[in-house]
A.B. asks: 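Quick one: the structure is below, questions incoming.
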There are 2 protein chains.
Amino acid sequence: MLPEERRLSILNAAKEMFAINGYHDTSISDIIKRADIARGTFYLYFKDKREIFDALFDQLLQKINESLMRVTIAPDQKPPLDQIAENLHRIFQLAMNDPELARILFRHAPGLDSITDQKIEGFYNKIASLVEGALVLGEKMNIVKKGDFKLISIFITGGVKEIMDRITRPENHMPQIDKIIKELIDFNLQGLASGTADIVQTQE
Amino acid sequence: MLPEERRLSILNAAKEMFAINGYHDTSISDIIKRADIARGTFYLYFKDKREIFDALFDQLLQKINESLMRVTIAPDQKPPLDQIAENLHRIFQLAMNDPELARILFRHAPGLDSITDQKIEGFYNKIASLVEGALVLGEKMNIVKKGDFKLISIFITGGVKEIMDRITRPENHMPQIDKIIKELIDFNLQGLASGTADIVQTQE
DNA sequence: AGATAATTAGACTGACATGTCAGTCTAATG
DNA sequence: CATTAGACTGACATGTCAGTCTAATTATCT
């Protein structure tokens, strides 16, 4: 087996084990057993369990990063809303294409250690600021009304995270991706309030 | 020291260590050092590290559970929106009162093991169904328009989670709780769309 | 084919965390 | 003063697992 093949097969075995048992409950022995290699072989390709986890994790973050485009206005660009829909489509699709890898991000990476936590935090901050940028742009274009965009972008990021978490579970009961995106965009734009009644009630 | 005091002081030491280093990177030795007790004493009060974690974790879940009330319509009840605002206020306040405990839920509990994951999943499912119930009620009252309430309630739950995560961080840069709640309710009701322009653009 | 290099197997070692248990200490009681 | 209850101690036995090492095997080159 070629070195590159071997490396990938080890990565894959580790990914499967992490997805099943989590990082801490996966031993090197588990990984080499699944990859069907000897103990020493593992150390020819990776320094330790942590390095193989980082390789998987960084690979996912990079893929998500690549699939998120900043929303801009330009003659050759589609309308902003379409750009947003396409962003959502790409990350949802990415997650569904490799649910095991995605579950590492949602279930097993948080709380691993402070370095990983910082990576995750920086990553979500980046996404939130991307959303915020889109909102600011929308306000400039007069299609989005004023608001605490920082707060709202955090809220939206959390919502999208939760949806992604759900669609990458083994028992995924969520609707089709396009259906989800339509519904989310509608909700985020129009809100919940029925147009027929004024329901804002202030207290005290 | 009275047994009950001792128990609490051990719980507290463990909580602090978990918050600092996480569950896996906290050893029994770390806990007893911080609690300033001997090794044997720990085992007089807890079976193992897992039992002390569960005690902390279950305590938090129960507190959150207690502070969430189902939104209902009744003569002696405040308006639904006020009930929702009060629910949000209670859980935000709860989290801020003991941020270390809250961070265990957000950072350290997920991915610990399948039992804990199930607890977390069931817990968030319950919250989401609570939100969903409120939306269904709102639709019956004609103040909420139709939509995929299951999906939207998941989205909202994720958003609230993310906000709670942020306000319980050591470096909390979020606005005041009441400000957050106002902004969230407004966003969820009215959405982002400026009233002055029709921005719905469908693609293809 | 024979020599040499690369790769692999898996037994082994050392570090470390857990949980136990025989014994100590303190304060209350007889 | 003697005894007892029970909270507390910490040395130690046990188990686990990461990472190393050597011998065997396989592949590559001359």
Side-chain angles (χ1 to χ4, degrees), chain A residues 1-58 104 107-109 111-117, chain B residues 1-58 100 104 107-117:
Chain A
M1 189 178 276
L2 291 174
E4 189 51 27
E5 287 177 310
R6 177 65 77 199
R7 195 186 129 87
L8 287 176
S9 94
I10 298 175
L11 269 174
N12 204 51
K15 179 171 74 185
E16 288 167 7
M17 291 312 297
F18 289 153
I20 296 171
N21 294 328
Y23 178 79
H24 286 288
D25 291 341
T26 296
S27 64
I28 305 275
S29 301
D30 292 332
I31 297 173
I32 64 178
K33 202 182 293 174
R34 181 165 272 247
D36 202 31
I37 55 167
R39 198 164 189 78
T41 311
F42 178 90
Y43 290 97
L44 292 176
Y45 290 90
F46 298 97
K47 191 173 124 290
D48 51 22
K49 189 171 71 163
R50 182 50 199 266
E51 186 174 287
I52 203 170
F53 180 86
D54 283 347
L56 288 167
F57 185 58
D58 293 344
I104 289 179
R107 271 287 108 88
H108 305 302
L112 230 190
D113 61 27
S114 60
I115 295 179
T116 305
D117 279 350
Chain B
M1 191 178 275
L2 291 174
E4 189 49 28
E5 287 178 308
R6 178 65 77 197
R7 194 186 130 87
L8 287 177
S9 94
I10 298 175
L11 269 174
N12 205 50
K15 180 171 73 186
E16 289 166 5
M17 290 312 297
F18 289 152
I20 296 171
N21 293 328
Y23 178 79
H24 286 288
D25 292 341
T26 297
S27 65
I28 306 271
S29 302
D30 292 332
I31 296 173
I32 63 179
K33 203 182 292 175
R34 181 165 274 246
D36 203 32
I37 55 170
R39 191 160 197 82
T41 309
F42 178 90
Y43 290 96
L44 293 177
Y45 290 89
F46 299 97
K47 190 173 126 292
D48 51 22
K49 189 172 73 165
R50 181 51 198 263
E51 185 173 288
I52 202 171
F53 180 86
D54 283 346
L56 289 168
F57 185 57
D58 294 343
E100 284 175 340
I104 289 179
R107 272 286 108 88
H108 305 302
L112 230 191
D113 62 27
S114 59
I115 295 180
T116 305
D117 279 351

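Lettering follows sequence order; numbering is per chain, from 1.
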A.B. asks: Whole Å only: how far is the CD1 atom of B/Ile28 from the P atom of D/dT14?
C.D. replies: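 Distance check: B/Ile28 CD1 to D/dT14 P gives 20 Å.
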A.B. asks: Between B/Pro3 and B/Gly40, name the one whose nearest nucleotide on DNA chain D is closer to the 5' end.
C.D. replies: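 It is B/Pro3 whose nearest nucleotide is closer to the 5' end.
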A.B. asks: OP1, OP2 of C/dA17 versus side-chain N and O of B/Ser29: anything below 4.0 Å?
C.D. replies: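 No, B/Ser29 has no side-chain N/O under 4.0 Å of OP1/OP2 on C/dA17.
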A.B. asks: Under 4.0 Å between a side-chain N/O of B/Ser27 and OP1 or OP2 of C/dC16, yes or no?
C.D. replies: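 Checking C/dC16 against B/Ser27, no side-chain N or O comes under 4.0 Å of OP1 or OP2.
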A.B. asks: Among the candidates D/dT9, D/dA18, C/dG10, find the nucleotide nearest to the side-chain atoms of B/Thr41.
C.D. replies: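 Of D/dT9, D/dA18, C/dG10, D/dT9 is nearest to the side chain of B/Thr41.
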A.B. asks: So, do A/Phe42 and A/Ile52 sit near enough that their side-chain heavy atoms are less than 4.5 Å apart?
C.D. replies: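 In contact.
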A.B. asks: Please report, rounded to the nearest Å, how far the P atom of C/dG10 is from the CD1 atom of A/Ile37.
C.D. replies: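 After rounding, the gap between these two atoms is 12 Å.
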A.B. asks: Between P on C/dT18 and CG on B/Leu44, what's the gap in Å once rounded to a whole number?
C.D. replies: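 In whole Å, C/dT18 P and B/Leu44 CG are 17 Å from each other.
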A.B. asks: I need the NE2-C1' distance between B/His24 and C/dC16, as an integer number of Å.
C.D. replies: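 Nearest whole value for this atom pair: 16 Å.
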A.B. asks: Can you check the B/Ile32 CD1 to D/dA7 C1' distance for me, whole Å?
C.D. replies: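 Roughly 16 Å, once rounded to whole Å.
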A.B. asks: Classify the ring geometry between B/Phe53 and B/Phe18 as parallel (under 30°), tilted (30 to 60°) or perpendicular (over 60°).
C.D. replies: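 Taking B/Phe18 first and then B/Phe53, their aromatic rings stand perpendicular (interplane angle over 60°).
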A.B. asks: Cut-off 3.5 Å, side chains only: do B/Asn12 and B/Ser9 have a donor facing an acceptor?
C.D. replies: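 Per modelled atom types, B/Asn12 and B/Ser9 side chains form no pair under 3.5 Å.
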A.B. asks: Do B/Asp117 and B/Ser114 have side-chain atoms, one donor and one acceptor, less than 3.5 Å apart?
C.D. replies: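 B/Asp117 vs B/Ser114: no donor-acceptor pair found between side chains.
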A.B. asks: Are B/Arg39 and C/dG19 close enough that a side-chain N or O sits under 4.0 Å from OP1 or OP2?
C.D. replies: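 For C/dG19, OP1/OP2 do not have a side-chain N/O of B/Arg39 under 4.0 Å.
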A.B. asks: Would you mind reading off the distance between B/Ile52 atom CD1 and C/dT18 atom C1', rounded to a whole angstrom?
C.D. replies: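 Those two atoms, CD1 and C1', are 15 Å apart.
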A.B. asks: Nearest of D/dT20, C/dT8, C/dT18 to any side-chain atom of B/Lys49?
C.D. replies: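 Nearest to the side-chain atoms of B/Lys49, counting from C-beta on, is C/dT18.
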A.B. asks: Heavy-atom distance under 4.5 Å between the side chains of B/Leu44 and B/Arg6, does that happen here?
C.D. replies: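 They are not in contact (no side-chain heavy atoms under 4.5 Å apart), so the answer is no.
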A.B. asks: Whole-Å distance between D/dT9 P and B/Tyr45 OH?
C.D. replies: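 From B/Tyr45 OH to D/dT9 P: 10 Å.
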A.B. asks: May I have the distance from B/Leu2 (atom CG) to C/dA27 (atom P), rounded to whole angstrom?
C.D. replies: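 Atom-to-atom, B/Leu2 to C/dA27, this comes out as 13 Å.
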